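What follows is a set of notes on a single structure, which appears directly below.
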2 protein chains.
Amino acid sequence: MASIKDVAAEAGLSVATVSRALNGHPSVSPAARHRVRAAVEALGYRPNAVARSLRTDQTRTLGLVISDVMNPYFTELARSVEEEARALGYSVVIGNADERPDLQDHHVTTLLDRRIDGLLVSPTDGGSPGMLDAARAGTPMVFVDRWIPGVDVPVVRSDGRAAVRDLVAHLHGLGHRRLAIIAGPAATTTGRERVDAFREALGAYGLSLPGAYIGQGDFQAESGRRATERFLDLPEPPDVVFAADNLMALGALDAVRARGLRVPEDIALAAFDDIPWFVHTDPPVTAIAQPTRDLGQAAVRALVERIAGRAGESVTLPARLVVRRSCGEPGGSGGSPSSVRNRPTESPSPVQRSTP
Amino acid sequence: MASIKDVAAEAGLSVATVSRALNGHPSVSPAARHRVRAAVEALGYRPNAVARSLRTDQTRTLGLVISDVMNPYFTELARSVEEEARALGYSVVIGNADERPDLQDHHVTTLLDRRIDGLLVSPTDGGSPGMLDAARAGTPMVFVDRWIPGVDVPVVRSDGRAAVRDLVAHLHGLGHRRLAIIAGPAATTTGRERVDAFREALGAYGLSLPGAYIGQGDFQAESGRRATERFLDLPEPPDVVFAADNLMALGALDAVRARGLRVPEDIALAAFDDIPWFVHTDPPVTAIAQPTRDLGQAAVRALVERIAGRAGESVTLPARLVVRRSCGEPGGSGGSPSSVRNRPTESPSPVQRSTP
DNA sequence: GGAACCGATGGAATCGATTACACGGAGGAT
DNA sequence: ATCCTCCGTGTAATCGATTCCATCGGTTCC
């Protein structure tokens, strides 16, 4: 592969001049500029980013360490991060931690070894050692979605409290009184917060959240299924199951169907994190939608600010409730257009709970 | 950040010895080895991968340029690629082309500038100029899933012919005679092949594939919806719609529901590419499953072979039919366990086609 | 007319590693 | 005792860029 030396030789100039011409430095004569252009063209020269990075000490690359790529929410987040980064002249290297702290650490170290300019992390657990080291060492860093309390790093996330209140109001309005939640891992902030917000919202309606109505999940579909089965085995099963992420909601849906029960007639279902597929399930699932695209954008901007040595502020954006049919006939407001278009033919059978 | 020089100073040795100790070179005394280890520990030294790459001319990084990350099939592919690469000591940088040739080119150039050791591509169109240049220039390269005819690059993909034949047999056995397909872009190999395989399989049953039963899609949900609507507007609509990928299948499902029709009673649906969500939709969708994990693995292995200067052979793995409920009551064989567990309560209403 | 200045260019140091080559000393063979 | 090996180590070149500093010819200013 042709190097800058070859270009210099071809153009009959020094490497210094070629470099300046390539970087748009002002004091290069038009003639030289032209000859460089021609030589570059002739040789198909492309600057070696590795060499440049070594010299300039910047890679124009961002690292993104994510909890689970297979989760559509994170996939979308990754996509929006890459888009914004590209717009700002950065590349993104994604590391999938698969909810495993050791893998998270592996990716953080690898990325740091590659001298990425900044790190975007959605921490899997309370914080793996390598990650904390990086934060302490002053690597430009921003947390997305999840964060670690007590670590001095900006956080870009969405606040679901208001949306959860809206959800509980919606459920209460439909007559539901026994509300259950499938929580995420307690080690993650999102795992805890969503339960807290839910309990708080219930309190406003004089409802409580008994321990039996809190299922412990791990943000994977299988755990949602198990938790739901336990709910259904209760002497007094809940009217509604609220899953703290989309994968657990699908597990829940599956568990309900496996018993021959129907959503929402026999039991209602709602989820945190709206995803395109919820429009296509039957029934369409009522969910709390995060402004994923904006989150990715804000996170990249904050990180780039940090890289530039400026503050890089934390950002919190509101999530919003998207009402569909999985909790019962929607009220007058808040329904998405799809909730109308997706309405199936009316079921002639009365609401009933079949006993297995 | 501490460099190898700092380590050398701390250990009272030359950088050469430190480097040798770090790389497990045999002729380093145990004493020196030990002092290096101590110095590394004390300084928290991590070798600069950028500098190493410049010197050794290898980055131990693979590039993966994918057509659409938001498509679960590709997400899973990316994940398995990263896993296998990690096992082999490589990192992976993913570029999302979003089915746009210009973006594909952007990523290929960026990756090449970063001097990745090898490139895995699932080409978006007939081949963007930058990609063809790379192939010609001898960059170690392997195509995954899709490929470009006439370019001398190993291809790792799955062959769906047998599975499509099985599907057609299954459909024919259920009494379906008017079979339609939603094709992918003609510029992609997968777009063309799946139609060919379908037509061929139909031929074996004396059935033809009229032009009106070929919908043109672009592998996105919206195109699946439009194509299906056109099918339903036909004076003689098809009995079955076979979507050439999972996103178009979801669009099709949506279009069918929007008319108040039911799957499979009014019209059957099948898809290429099985994804976890098809188990959760109602009805569960019959699909052709690719051995995605194995494909990713084989692709990485082939690429690493190429990087090592060896052959790196093409691999073709068979896809297989997964029968669920979206085409009608499953026959005696091939049904997945989920097709039983997901069966909902029987519908009391007779099969009917509502006129809009 | 000479000093100061400016624009364009080249030489050479530098980034942090790897590695060919040289060298000194210990140990074995003769 | 002398020479040859071989081991462990250091010196320095190198990878491909960027950039400081020096140089040189030509203006401009006083």
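Chain A is the first sequence line, chain B the second, and so forth, proteins listed ahead of strands; every chain is numbered from 1. Quick caveat: nothing in here was measured; it's all calculated off a predicted structure.
- The shortest side-chain heavy-atom distance between A/Ser91 and B/Arg114 falls under the 4.5 Å cut-off.
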Item to complete: Summarise protein proximity over nucleotides 6-14 of chain D in one line of letters, 5' to 3': B for base, S for sugar-phosphate only, - for none, counting protein heavy atoms closer than 4.0 Å.
Response: --SBBB-BB
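- Not counting sequence neighbours, B/Asn96 has no partner by the side chain to side chain donor-acceptor pair (under 3.5 Å) test.
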Sequence neighbours left out, cut at 3.5 Å: what donor-acceptor pairs do the side chains of residues 4-15 of chain A make with other protein atoms?
from	atom 1	to	atom 2	distance (Å)
A/Asp6	OD2	A/Ser3	N	2.7
A/Ser14	OG	A/Ala16	N	3.4
A/Ser14	OG	A/Thr17	N	3.3
A/Ser14	OG	A/Thr17	OG1	3.2

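- Partners of A/Arg86 under the salt bridge (Lys or Arg N to Asp or Glu O under 4.0 Å) rule, at least two apart in sequence or in another chain, are A/Glu82.
- Note that CG of B/Leu88 is 8.0 Å distant from CZ of B/Arg60, once rounded to the nearest 0.5 Å.
- When heavy atoms are screened at a 4.0 angstrom cut-off, B/Asp57 is found touching no nucleic acid atom at all.
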Worksheet entry | Pairing annotation in dot-bracket form, given for DNA chain C with Watson-Crick or G-U pairs under 3.5 Å and | for cross-strand partners | ||||||||||||||||||||||||||||||
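- A/Thr61 and A/Tyr90 get closest at one heavy-atom pair: N-CD2, 3.7 Å.
- Every residue meeting the side-chain contact (heavy atoms from CB on, under 4.5 Å) condition with A/Leu120, not counting sequence neighbours, appears here in chain and number order: A/Leu64, A/Val81, A/Val142, A/Val144, A/Ala299, A/Val300, A/Leu303.
- In this structure, A/Ile307 and A/Leu62 have side chains that are in contact, with non-hydrogen atoms separated by less than 4.5 Å.
- The span of DNA chain C lying next to chain B, judged by atoms under 4.0 Å from heavy atoms, is bounded 5' to 3' by C/dC15 to C/dA20.
- With sequence neighbours excluded, the residues that form a side chain to side chain donor-acceptor pair (under 3.5 Å) with B/Thr124 are B/Gln104.
- Annotation: proximity of residues 41-50 of chain B to DNA chain C (heavy atom, distance under 4.0 Å) is found for B/Tyr45, B/Pro47, B/Asn48, numbered in ascending order.
- Residue A/Thr56 is in sugar-phosphate contact alone, with no base atom involved, counting any heavy-atom pair closer than 4.0 Å across all strands shown.
- Sorted by first then second residue, the salt bridge (charged side-chain N to carboxylate O under 4.0 Å, His left out) pairs that include residues 27-52 of chain B, not counting sequence neighbours, are A/Asp113-B/Arg46.
- When every heavy atom of B/Pro154 is checked against every heavy atom of B/Gly312, the shortest pair comes out as CG-O, 2.9 Å.
- In terms of the side chain to side chain donor-acceptor pair (under 3.5 Å) criterion, A/Glu76 has no residue partners (sequence neighbours excluded).
- Counting only residues at least two apart or on different chains, the salt bridge (charged side-chain N to carboxylate O under 4.0 Å, His left out) pairs with a member in residues 90-112 of chain B are A/Arg79-B/Asp98, B/Glu99-B/Arg146, B/Arg100-B/Asp102.
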